[in-house]
Amino acid sequence: QVSLVESGGGSAQPGGSLTLSCQISSYVNSRTYNPRTFLGWFRQTPGNQREGVAIIDRSGLATYSESVKGRFTISIDTEKGTLDMKMTSLRTADTAMYYCAAGGVTRTLDQRFFTMWGQGTKVTVSS
């Protein structure tokens with residue numbers, strides 16, 4: 001079964017770090033996988049739309065939202081079959097449910113262009 005499974009969420013203090021990981025091997029090994037599409041991380045808080053945080057293509061070229069640029073790093077670990085995102089200098093505003101996404105048809109942080117989603121992992125930043 002093709003699925004995206006996130007892990008690594010949890011709690012951190014402001015200024016701290018967390019690394020999120022998304023198991024993508026079942027997707028990239030499936031017939032539905034298109035290597036020209038994008039993978040990404042999105043986040044959502046209650047009452048708000050899901051917003052794009054970072055996306056990446058197969059070559060490793062990444063795009064970040066302005067709110068996380070310089071603090072978050074997205075990467076693909078081909079050995080582990082994961083999509084990772086290292087989050088540093090965390091802020092309380094980073095508190096959200098984070099979702100792994102795949103199948104992005106263009107380089108955009110707009111969630112509407114992504115076709116596959118994980119169940120999410122919660123990140124809480126507080127002192």
Side-chain angles (χ1 to χ4, degrees):
Q1 183 177 357
V2 178
S3 64
L4 304 175
V5 181
E6 302 97 334
S7 62
S11 298
Q13 293 186 337
S17 300
L18 284 173
T19 297
L20 304 183
S21 186
C22 177
Q23 184 59 243
I24 60 172
S25 57
S26 67
Y27 168 65
V28 298
N29 292 323
S30 73
R31 293 180 181 179
T32 60
Y33 176 59
N34 180 346
R36 292 176 292 180
T37 58
F38 296 82
L39 302 168
W41 285 97
F42 291 72
R43 66 186 181 187
Q44 188 173 23
T45 53
N48 293 309
Q49 288 190 340
R50 198 169 295 185
E51 66 166 339
V53 176
I55 62 171
I56 191 169
D57 66 16
R58 189 184 184 189
S59 74
L61 182 62
T63 299
Y64 298 92
S65 69
E66 287 299 320
S67 63
V68 306
K69 194 174 294 184
R71 300 188 298 123
F72 291 10
T73 303
I74 189 172
S75 61
I76 299 172
D77 189 323
T78 55
E79 286 191 11
K80 295 181 181 178
T82 59
L83 174 71
D84 302 322
M85 185 165 71
K86 184 174 183 179
M87 307 184 294
T88 64
S89 301
L90 284 165
R91 306 168 180 170
T92 55
D94 294 320
T95 296
M97 186 71 78
Y98 283 73
Y99 296 90
C100 174
V105 298
T106 186
R107 185 175 293 278
T108 177
L109 293 170
D110 188 333
Q111 59 153 336
R112 293 173 297 177
F113 292 87
F114 285 76
T115 59
M116 183 177 294
W117 296 88
Q119 294 299 307
T121 185
K122 186 166 178 59
V123 171
T124 302
V125 183
S126 69
S127 55

Using every non-hydrogen atom in the two residues, find where [X] and [Y] come nearest and quote the distance to one decimal.
{"X": "Ala12", "Y": "Leu90", "result": "CB-CD1, 3.8 Å"}
{"X": "Asn48", "Y": "Thr45", "result": "ND2-OG1, 2.7 Å"}
{"X": "Phe114", "Y": "Leu39", "result": "CE2-C, 4.1 Å"}
{"X": "Lys122", "Y": "Thr124", "result": "CE-OG1, 3.7 Å"}
{"X": "Ser127", "Y": "Pro14", "result": "N-CD, 3.8 Å"}
{"X": "Ser65", "Y": "Gly52", "result": "CB-O, 3.5 Å"}

Let me confirm one number: the [atom1]-[atom2] distance from [X] to [Y], rounded to the nearest 0.5 Å.
{"X": "Asp110", "Y": "Gln49", "atom1": "CG", "atom2": "CD", "result": "8.5 Å"}
{"X": "Ile74", "Y": "Met85", "atom1": "CD1", "atom2": "CE", "result": "7.0 Å"}
{"X": "Arg58", "Y": "Arg36", "atom1": "CZ", "atom2": "CZ", "result": "11.0 Å"}
{"X": "Glu6", "Y": "Leu83", "atom1": "CD", "atom2": "CG", "result": "9.5 Å"}
{"X": "Thr73", "Y": "Ile56", "atom1": "OG1", "atom2": "CD1", "result": "10.0 Å"}
{"X": "Phe42", "Y": "Trp117", "atom1": "CZ", "atom2": "CH2", "result": "4.5 Å"}

Check for me, please, whether [X] and [Y] land in the same ILVMFWY cluster - side-chain distances under 4.5 Å, paths through other members count.
{"X": "Met116", "Y": "Phe38", "result": "no"}
{"X": "Val28", "Y": "Val2", "result": "yes"}
{"X": "Trp41", "Y": "Val123", "result": "yes"}

Between [X] and [Y], a side-chain donor and acceptor under 3.5 Å:
{"X": "Gln23", "Y": "Ser25", "answer": "yes"}
{"X": "Asn34", "Y": "Thr37", "answer": "no"}
{"X": "Asp84", "Y": "Ser21", "answer": "yes"}
{"X": "Thr32", "Y": "Ser30", "answer": "yes"}

### Query
Should the ring pair Phe72 and Tyr98 be called parallel, tilted or perpendicular, given that the plane angle runs from 0 to 90° and is split at 30 and 60?
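Tilted: the ring planes of Phe72 and Tyr98 meet at 30° to 60°.
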
Close side-chain approach of [X] to [Y], heavy-atom, < 4.5 Å:
{"X": "Leu4", "Y": "Tyr27", "answer": "yes"}
{"X": "Arg71", "Y": "Arg91", "answer": "yes"}
{"X": "Leu20", "Y": "Met87", "answer": "yes"}

Expected list for residues 99-107: side-chain donor-acceptor pairs under 3.5 angstrom, two or more places apart:
unit_1 : atom_1 : unit_2 : atom_2 : d
Arg107 : NH1    : Leu61  : O      : 3.3
Arg107 : NH1    : Thr63  : OG1    : 2.9
Arg107 : NH2    : Asp57  : OD2    : 2.8

### Message
Checking the side chain of Arg50 only, and the main-chain atoms of Arg43 only, is there a donor and an acceptor separated by less than 3.5 Å?
### Response
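Such a contact is absent between Arg50 side chain and Arg43 backbone.
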
